[in-house]
Amino acid sequence: MNRNCNFLGFVALAWVGATPTLAQTVPVAQASTATNATASIPDFTGMWNHPAFPWFEPPASGPGPVTNKVRWPRVFGSLPEAGTLALPPLKDGDGISDYDQLVGDYTNPILQPWAAEVVKKFGEMSLAGITYGNPSNQCWPEPPPFIYKQALVLILQQPDTITMVYSGNMDVRRVRMNQPHKDTPALYGDSVGHYEGDTLVIDTIGIRTDRRYAMIDLFGTPYTKALHMVERYRLRNYDDVKDAIERNKKENWLFAGDVFSGHRGKFLQLELTIEDKGVFTTPWTSTLTYVPGPSTWPEVVCAENPRQYYYDGSDTDVPRADKPDF
């Protein structure tokens, strides 16, 4: 637990350092504009929550992510629409994604044939009752875009760096602002950012492929060294995101209930574009819409207990060191 406590201490210090940005917008020169004119940077600092499994919100139109072929019903028993309560439906149907059976739609035209076969094989394992390993259930680091599985993200916004801390496995992403890309692959890739008006744009390349459980979603969709992500974050009002909220409710299991529909403050919306010429036939898009998170940061430790107590009682493949670090 010492490492985790030390990490939380770092988060607390970083939070204190970021506090002045909470109540103000800071005028800076935007490197992304040709004139380098001074503009106000939007304030994204804080905790944001997107409690939905899997997690991608399908786009309103155009190519979208791999989704689940197995569905729970929208209505079950006397309860309202599935996904509005923190309980799964009781039987199969044609509604939201069935989190108990993760069978990716390998017929999605975004997939090249070899990638479709990978997704199909993972789906066959799930239908056979096999809980296959992924970064989350094996307590391995979760590079983007798999990291979106962690519903809660803490954003620490500073002039030259944006730090994103995700709950669940305490993964940390660091975004270097107004810098060129590095050529060296890294576990979380190389993320560089800039502002375009009210939008934070993050461009990520170089996510390492030589790692365990290298997949971009719960369906085992693979990626190659050509994976390229562009994230566009904006603060938005309800009327701007209500369509995305409805798409989310129709696709994903809202395991904490519908925390989106009744919220009328600011939302944080991520518009995502992914391309990988080694896996996909075309770039595709998705959104993730966040509401403000809890007032306190939860401490969640994944690898402390290697037993798969919520699966089959066997040991997980958690990262292990041959000798202590200190």
Side-chain angles (χ1 to χ4, degrees), residues 32 44 48 50 52 54-60 62-67 104 108 110-112 115 118-119 134-136 140-151 153-155 157 161-166 168-169 171-196 199-211 213-234 244 248 252 268-290:
S32 61
F44 301 106
W48 299 93
H50 183 266
W55 52 82
F56 291 124
E57 300 161 2
V66 173
T67 56
N108 189 323
I110 68 169
L111 294 172
Q112 295 185 18
V118 171
V119 172
N134 65 52
S136 177
W140 281 76
E142 302 175 24
F146 194 97
I147 191 60
Y148 302 138
K149 180 181 185 296
Q150 304 303 334
V153 58
L154 168 63
I155 298 179
Q157 190 173 357
T161 304
I162 291 179
T163 304
M164 295 180 169
V165 185
Y166 294 84
N169 204 14
D171 290 81
V172 180
R173 292 180 63 195
R174 292 181 176 86
V175 180
R176 299 178 297 111
M177 300 299 293
N178 303 312
Q179 298 291 323
H181 273 299
K182 297 179 180 178
D183 294 332
T184 305
L187 183 59
Y188 295 92
D190 182 49
S191 295
V192 297
H194 66 272
Y195 295 101
E196 295 180 1
T199 304
L200 167 64
V201 181
I202 301 176
D203 190 288
T204 300
I205 61 172
I207 300 174
R208 280 176 43 189
T209 58
D210 57 338
R211 58 179 303 276
Y213 312 110
M215 56 184 69
I216 71 168
D217 57 29
L218 287 171
F219 308 114
T221 306
Y223 67 90
T224 72
K225 63 182 181 180
L227 177 63
H228 178 207
M229 293 176 43
V230 177
E231 300 161 279
R232 301 178 65 89
Y233 291 89
R234 284 189 292 173
N248 189 29
N252 297 318
L268 175 67
Q269 188 170 62
L270 160 59
E271 295 179 351
L272 175 70
T273 301
I274 289 182
E275 59 182 345
D276 185 336
K277 62 183 180 181
V279 173
F280 303 118
T281 60
T282 182
W284 55 271
T285 64
S286 174
T287 56
L288 286 90
T289 306
Y290 293 80

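A quick note: this is a predicted structure, and the numbers were derived from the prediction, not measured. Throughout, residue positions are numbered sequentially from 1 according to the sequence presented.
In this structure, the separation between NE2 on His50 and CG on Leu288 is 4.5 Å, given to the nearest 0.5 Å. Taken to the nearest 0.5 Å, the CG atom of Leu268 stands 6.5 Å off from the CZ atom of Phe44. From Trp55, atom CH2 reaches atom CG of Asn248 across 13.0 Å, with rounding to the nearest 0.5 Å. The structure places CE of Met164 at 13.0 Å from CG of Asp171, a figure rounded to the nearest 0.5 Å. Interatomic distance, Ser136 OG to Phe146 CZ, rounded to the nearest 0.5 Å: 5.5 Å. In this structure, Arg232 CZ and Leu200 CG are separated by 9.5 Å, a value rounded to the nearest 0.5 Å.
When the shell of 6.0 Å around CG of Asp183 is examined, it contains 12 or fewer heavy atoms from other residues, nucleotides or ligands.
With sequence neighbours excluded, no residue forms a ring pair (Phe, Tyr, Trp, His ring centres under 6.0 Å) with Trp48.
Between Glu57 and Ala244 the shortest heavy-atom distance is OE1-CB, 3.6 Å. The shortest heavy-atom contact between Gln150 and Gly168 is OE1-CA, 3.2 Å. Heavy-atom minimum distance, Tyr188 versus Ser191: O-OG, 4.4 Å. Across all their heavy atoms, Tyr290 and Ala151 have their closest contact at CE2-O, 3.7 Å. When all heavy atoms of Thr285 and Pro65 are compared, the closest pair comes out as O-CD, 3.6 Å. Taking all atoms of both residues into account, the shortest heavy-atom contact from Val279 to Ala115 is CG1-CB, 3.7 Å.
Using a 4.5 Å heavy-atom cutoff, the side chains of Thr224 and Lys277 are not in contact. By the 4.5 Å heavy-atom criterion applied to side chains, Val175 and Val192 are not counted as neighbours. Within the 4.5 Å cutoff, no side-chain heavy atoms of Trp284 are placed close to those of Thr273. Side-chain contact between Asp217 and Val66 is present, with at least one heavy-atom pair separated by less than 4.5 Å. Residues Ile162 and Met177 meet the side-chain proximity criterion, which asks for heavy atoms closer than 4.5 Å. Leu272 is listed as a side-chain neighbour of Phe56, based on a closest heavy-atom distance under 4.5 Å. Between Arg211 and Pro143, the closest side-chain pair of non-hydrogen atoms falls below 4.5 Å. Looking at heavy atoms from C-beta onward, Arg174 lies in side-chain contact with Val172 at the 4.5 angstrom threshold.
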* Test side chain to side chain contact (heavy atoms under 4.5 Å, CB included) applied to Asn134 and Glu142, step by step -> CA-CA 9 Å; Asn134 65 52; Glu142 302 175 24; over 6 Å; no
* Go through the steps to decide whether Val118 and Thr221 satisfy the test side chain to side chain contact (heavy atoms under 4.5 Å, CB included), and finish with yes or no. => CA-CA 7 Å; Val118 171; Thr221 306; over 6 Å; no
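Judged purely by distance below 3.5 Å, without hydrogens or angles, the side chains of Thr209 and Lys225 never pair a donor atom with an acceptor atom. Residues Asn178 and Tyr195 have side chains that never bring a donor and an acceptor to within less than 3.5 angstrom of each other. Side-chain atoms of Tyr233 and Glu231 include a donor-acceptor pair closer than 3.5 Å. Side-chain contact annotation: Gln269 with Thr287, donor-acceptor N/O pair under 3.5 Å absent.
The side chain to side chain contact (heavy atoms under 4.5 Å, CB included) with Pro63 is formed by just one residue from the set Asn108, Ile274, Thr282; it is Thr282. When the options Thr204, Asp203, Asp276 are evaluated for a side chain to side chain donor-acceptor pair (under 3.5 Å) with His228, the one that passes is Asp203.
A salt bridge links Arg176 with Asp190; the closest basic N to acidic carboxylate O contact falls under 4.0 Å.
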